[in-house]
Amino acid sequence: MPAPSDTHLDPELLAEQGHLDRARTELAAMRERTLAVDVQGSDPIAAEHLARTLWQRARSLEDDPATALFFGRIDLDAEHDGERWYVGRRHVTDDAGDPLVIDWRAPVSTAFYRASRTEPMGVTLRRRFGLDRGRITALEDEHLTDRTEQQASSQILAREIERPRVGPMRDIVATIQPEQDLLVRVDDSTTVCIQGAPGTGKTAVGLHRAAWLLYAYRDRLTRQGVLVIGPNASFLEHIGAVLPALGEVQVRHTTIEGLVGEGVRIRAMDPPGRATLKGDARLADVLRRAVRATVQDPDEPLVVPRGARRWRIPAYEVREILDELRTRDVRHDAARQMLPQRLAHAVLVQMEAAGDSPDDRVQDAVARSTPVTRYADAAWPRLDPAAVLHRLWSDPAALEAAADGILSPAEQADLVWDQAPRTPGSARWTLADAVLLDELADLLTRTPSLGHVMLDEAQDLSPMQLRAVGRRCSTGAATVLGDIAQGTTPWATGSWSESLRHLGKPDGKVTELRRGFRVPAAVIEYAARLLPVMAPGLAAPQSVRDNVGELDIVAVQADSLWTETADRVAGLARRPGSVGVVVPDAGVTAASAALTDAGIEHGTLGADHGDVEHQVHVVPATVAKGLEFDRVVVVEPAAIADAEPDERTGLRRLYVVLTRAVSGLSVIHARPLPGPLTAPTPLD
């Protein structure tokens, strides 16, 4: 393979830069034409919809001069008419409608990512472009049908993967690998679960899959909606720039707290054991019983005065109507709305038997009459989720009736409040309670379904949390991302088939990404020492980068821990790229103070906030999941592990923080390292 061209005098390079300049000019013209459209609707609502659509279209056509509109080119053989396509982040045409750049999501772009010498897919030449601040600085060619050309790894691809980063996560459209592209382009009706070790790009694959789905199924998914669910606000800010960079600005992002916590004040935290119990799938059956128990079979008949007559529906006949509604398994509120009509119909049957000829208007009048509505309300009462859960946690007898045969007496006792709040409004609800309230709300009224949900770090969700997510895509599909080895909650899943079952997608396709493109070999092999202890049987990821990365293990005295940390960070910050300083949660204040004393400007990330624009970030260990930095400094690994409730969870937390580095990892410790980290690796 020829070496990349790096001279501005190269005529081939100048020609490609000319094509890029022309594409950029035409993109600006496309946006101007969109902005110039005169909004005229048949009515105000239609005009508003058209204006919003045009605004979204114009926003998707915004140019970023710091990036190039295309990153690759494919030339096809004569069988494919010898066509030439430039592959980029969005579709760009000239004023005649001829494409200058094709969207990476278009079917023809598939060949750019998957073509190989064994299966060229009609491609004779694949060209990658080296880019710097929106300008083409190098090019690199593969002649896929030339058997004499020596095959070698792409230097441009490696440089793009290792390019220093500061700020939010970038898209990976220029570096998508064949196995990643296969997952990105799975059809919209299939739920995909991707098990991926650190650095395999599973989050990026999920985001690009969302972008591809919105391209391939735009009409339906724009109407039904796409939702991205992440573990915390810092993670969402980290990934928040990816989809807009790909021209998709209508995707909503949230956390599990945001998903289920709307209208719920989460003011307390459950201990791990109780939180695990509340997240158990058995609670769904308990709540279903509690709701059904509110439906009361009447002992008295329904009596409906109408004119001079009094119509009487015996209690046994009402019980038959209630049983019929129960067997239909409709939501509580839907059945509650049906009941007055069912009772009114029973009255009309008696009227007809007596020789009357009532019509639908009579039935509606009877259904709305006070005797019928009062009777129906008593039999099938209006419910509030908070009131139902308040009663269960306040009244041991009510909980026993709902949980008998499902939960043990000891489990029931653990759920009941020691001192019950007087009203649901004064309750100190926890996140686990909010998930149960969401389940109750769905038992009353069906939760609307979106077209697609992307769920990241799914290994950390409880069965009840997975059910809450599954309700949001009950008629759509999901992309589920995670790594069982990174499960850091007491209820972390041990099986993706189990998670998919709780999600309501038991037929989901489970696949694994094993090749690591982001985390270098030195780092991943060091972290993999933990796997035999905290995730037996799980294969270690395989780094495919030529650059093995940097690994430094530094032992210091306890009284110099933070000054040594600041010195190390100062040295790393003099090099391009981001630096993450991952510390025990209890050490955030000390770490920030040490950096401030050393004159190092930095941001501090938190579970409920992000600050992604600094070069240096202090990162609590519990917030590190899903983030990546060029270089990472991990402070006091033993303290990070000890902060978790058990050894397995502690080592899994440590595995997460040790695998955040794209180029280099420094471990600074005063305490002895956890045992598995002292074991040798092939790199030692």
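Just the heavy atoms: all of them, side chains too, but no hydrogens, waters or symmetry mates, feed the values below.
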Tyr113: ring pair (Phe, Tyr, Trp, His ring centres under 6.0 Å) partners, not counting sequence neighbours | none
Is it true that a side-chain atom of Asp141 and a backbone atom of Leu125 form a donor plus acceptor pair closer than 3.5 Å?
-> no
Would Arg117 and Glu149 pass as an ion pair if we require N to O under 4.0 Å?
-> yes
So, does Gln459 use its side chain to make a donor-acceptor pair with the main chain of Ala485 at under 3.5 Å?
-> no
Does the distance from a Lys or Arg side-chain N to an Asp or Glu carboxylate O, for Glu550 and Arg575, drop under 4.0 Å?
-> yes
Using the test side-chain hydrogen bond (donor to acceptor under 3.5 Å, both in side chains), find all partners of Ser497 that sit at least two apart in sequence or belong to another chain.
-> Ser495
Please answer whether the main-chain N or O of Leu513 pairs with a side-chain N or O of Glu179 as donor and acceptor at a distance below 3.5 Å.
-> no
Is any side-chain heavy atom of Leu466 closer than 4.5 Å to a side-chain heavy atom of Leu455?
-> yes
Arg73 with Glu16: basic N within carboxylate O range, under 4.0 Å | yes
Excluding sequence neighbours, so at least two apart, what forms side-chain hydrogen bond (donor to acceptor under 3.5 Å, both in side chains) with Arg501?
-> none
CG-CE distance between Leu227 and Met454, expressed to the nearest 0.5 angstrom = 9.5 Å
Student check: side-chain heavy atoms of Val469 and Val480 closer than 4.5 Å = no
Do the ring planes of His238 and Phe629 sit parallel (below 30°), tilted (30 to 60°) or perpendicular (above 60°)?
-> tilted
Set of residues satisfying side-chain hydrogen bond (donor to acceptor under 3.5 Å, both in side chains) with respect to Thr203, sequence neighbours excluded | Asp456
In chain order, what residues pass the salt bridge (charged side-chain N to carboxylate O under 4.0 Å, His left out) check against Arg135, with sequence neighbours excluded?
-> Asp21
Applying ring pair (Phe, Tyr, Trp, His ring centres under 6.0 Å) to Trp104 and not counting sequence neighbours gives His208
Return yes if some donor-acceptor pair links the side-chain N/O of Arg660 with the main-chain N/O of Leu627 below 3.5 Å, else return no.
-> yes
Distance col, row Arg472:CZ vs Ile229:CD1, nearest 0.5 angstrom, shows 7.5 Å
